[in-house]
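First comes the structure, then the notes that go with it.
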Amino acid sequence: MYVLAFLAGAVSIAVVVTRLRYTQVEVVGGSMAPTLRPGDLVLVRRVAGRRVRTGDLVVIERPDDAGGWSTPPGRRARGRRWLVKRVVATPGERVPDGLMSAVPDGPVPPGSLLVLGDVTHSLDSRQLGYLPLDRVLGVVRRKMQ
């Protein structure tokens with residue numbers, strides 16, 4: 001009897017911990033095609049922005065229409081608009097040639113990163129410039145479908 005109660009408690013704790021570490025995101029637009037397509041579900045591991053690496057697919061909060069954020073930074077997913085993009089430069093790395101018209105030449109400043117969609121008609125750092133690391137929800141681990 002006690003063993004069953006213990007196992008049920010352990011399973012409950014494991015579920016809570018998993019939900020704190022991972023979330024599922026549905027891809028809405030086509031900016032990451034052919035890697036990801038609208039309707040794809042992706043498993044996202046929540047990580048601090050400082051753990052993001054060049055080449056990672058990240059889920060990052062989209063700025064509001066005024067170019068800022070109406071909510072404080074955080075990794076709570078509800079009520080926020082998200083972008084799925086590929087990281088092309090992290091703090092200290094040089095700005096890639098294709099982005100020099102959007103941001104100053106030189107290294108990416110601390111606390112920032114540059115992201116691009118896989119297609120050229122994507123809302124990304126070409127329009128938004130540097131994005132803050134503290135707006136990263138996490139790194140895409142895999143497609144669910």
Side-chain angles (χ1 to χ4, degrees), residues 3-103 107-145:
V3 171
L4 289 177
F6 173 77
L7 287 176
V11 168
S12 296
I13 290 170
V15 167
V16 168
V17 168
T18 299
R19 289 195 54 104
L20 291 174
R21 284 193 161 170
Y22 292 91
T23 191
Q24 181 177 289
V25 173
E26 181 179 355
V27 176
V28 176
S31 69
M32 292 305 298
T35 306
L36 300 173
R37 299 190 184 280
D40 284 348
L41 295 175
V42 293
L43 181 65
V44 178
R45 183 163 197 274
R46 296 172 189 260
V47 297
R50 69 186 185 295
R51 298 191 61 198
V52 171
R53 302 289 175 250
T54 299
D56 284 346
L57 289 183
V58 295
V59 176
I60 188 164
E61 188 175 358
R62 177 185 173 159
D64 60 28
D65 294 335
W69 286 267
S70 57
T71 57
R75 294 190 300 170
R76 185 166 184 241
R78 291 197 187 273
R80 298 175 191 258
R81 298 183 313 168
W82 300 102
L83 300 169
V84 179
K85 303 295 173 192
R86 189 174 308 280
V87 176
V88 294
T90 59
E93 294 180 342
R94 296 215 28 100
V95 173
D97 290 339
L99 290 172
M100 287 187 190
S101 62
V103 295
V108 174
S112 302
L113 75 156
L114 293 170
V115 298
L116 291 176
D118 283 357
V119 297
T120 56
H121 58 278
S122 169
L123 178 64
D124 53 35
S125 289
R126 288 174 281 214
Q127 296 81 30
L128 303 172
Y130 296 116
L131 291 170
L133 286 172
D134 64 2
R135 297 295 171 162
V136 170
L137 175 68
V139 175
V140 174
R141 301 306 298 163
R142 67 180 179 93
K143 279 199 307 190
M144 303 289 288
Q145 302 175 331

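Along the sequence shown, residues are numbered consecutively beginning with 1. For the numbers below, each heavy atom of this structure counts, side chains included, while hydrogens, waters and symmetry mates do not.
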Restricting to non-hydrogen atoms, name the atom on [X] and the atom on [Y] that form the minimum distance, rounded to 0.1 Å.
X: G129; Y: V103; result: CA-CG1, 3.6 Å
X: V108; Y: A89; result: CG2-CB, 3.6 Å
X: G111; Y: P91; result: N-CG, 3.9 Å
X: Q24; Y: L41; result: NE2-CD1, 3.6 Å
X: M32; Y: V84; result: CG-O, 3.2 Å

| request: Give me the one residue out of R86, Q127, K85 that meets side chain to side chain donor-acceptor pair (under 3.5 Å) with S122. | output: K85

| said: Walk me through whether L99 and L116 qualify under side chain to side chain contact (heavy atoms under 4.5 Å, CB included). | reply: CA-CA 9 Å; L99 290 172; L116 291 176; 3.8 Å; yes

Ignoring hydrogens and angles, tell me if any N or O in the side chain of [X] forms a donor-acceptor pair with the backbone of [Y] under 3.5 Å.
X: R45; Y: G138; answer: no
X: S125; Y: V115; answer: yes
X: D124; Y: G117; answer: yes

| message | So V52 and I60, do their side chains get closer than 4.5 Å, heavy atoms only? | response | no

| Does the side chain of Y130 reach to within under 4.5 Å of the side chain of L113, using non-hydrogen atoms? | no

[X] [atom1] to [Y] [atom2] distance, which is reported to the nearest 0.5 Å:
X: R50; Y: L133; atom1: CZ; atom2: CG; value: 10.0 Å
X: E26; Y: D40; atom1: CD; atom2: CG; value: 9.0 Å
X: L128; Y: L114; atom1: CG; atom2: CG; value: 10.5 Å
X: K143; Y: R37; atom1: NZ; atom2: CZ; value: 7.5 Å
X: L131; Y: S112; atom1: CG; atom2: OG; value: 8.0 Å

| Verdict with supporting geometry, T54 and E93, side chain to side chain contact (heavy atoms under 4.5 Å, CB included) | CA-CA 9 Å; T54 299; E93 294 180 342; 2.5 Å; yes

| request: Apply side chain to side chain contact (heavy atoms under 4.5 Å, CB included) to W82 and R62, showing your working. | output: CA-CA 5 Å; W82 300 102; R62 177 185 173 159; over 6 Å; no

| request: List the steps and the verdict of side chain to side chain contact (heavy atoms under 4.5 Å, CB included) for T23 and V59. | output: CA-CA 11 Å; T23 191; V59 176; over 6 Å; no

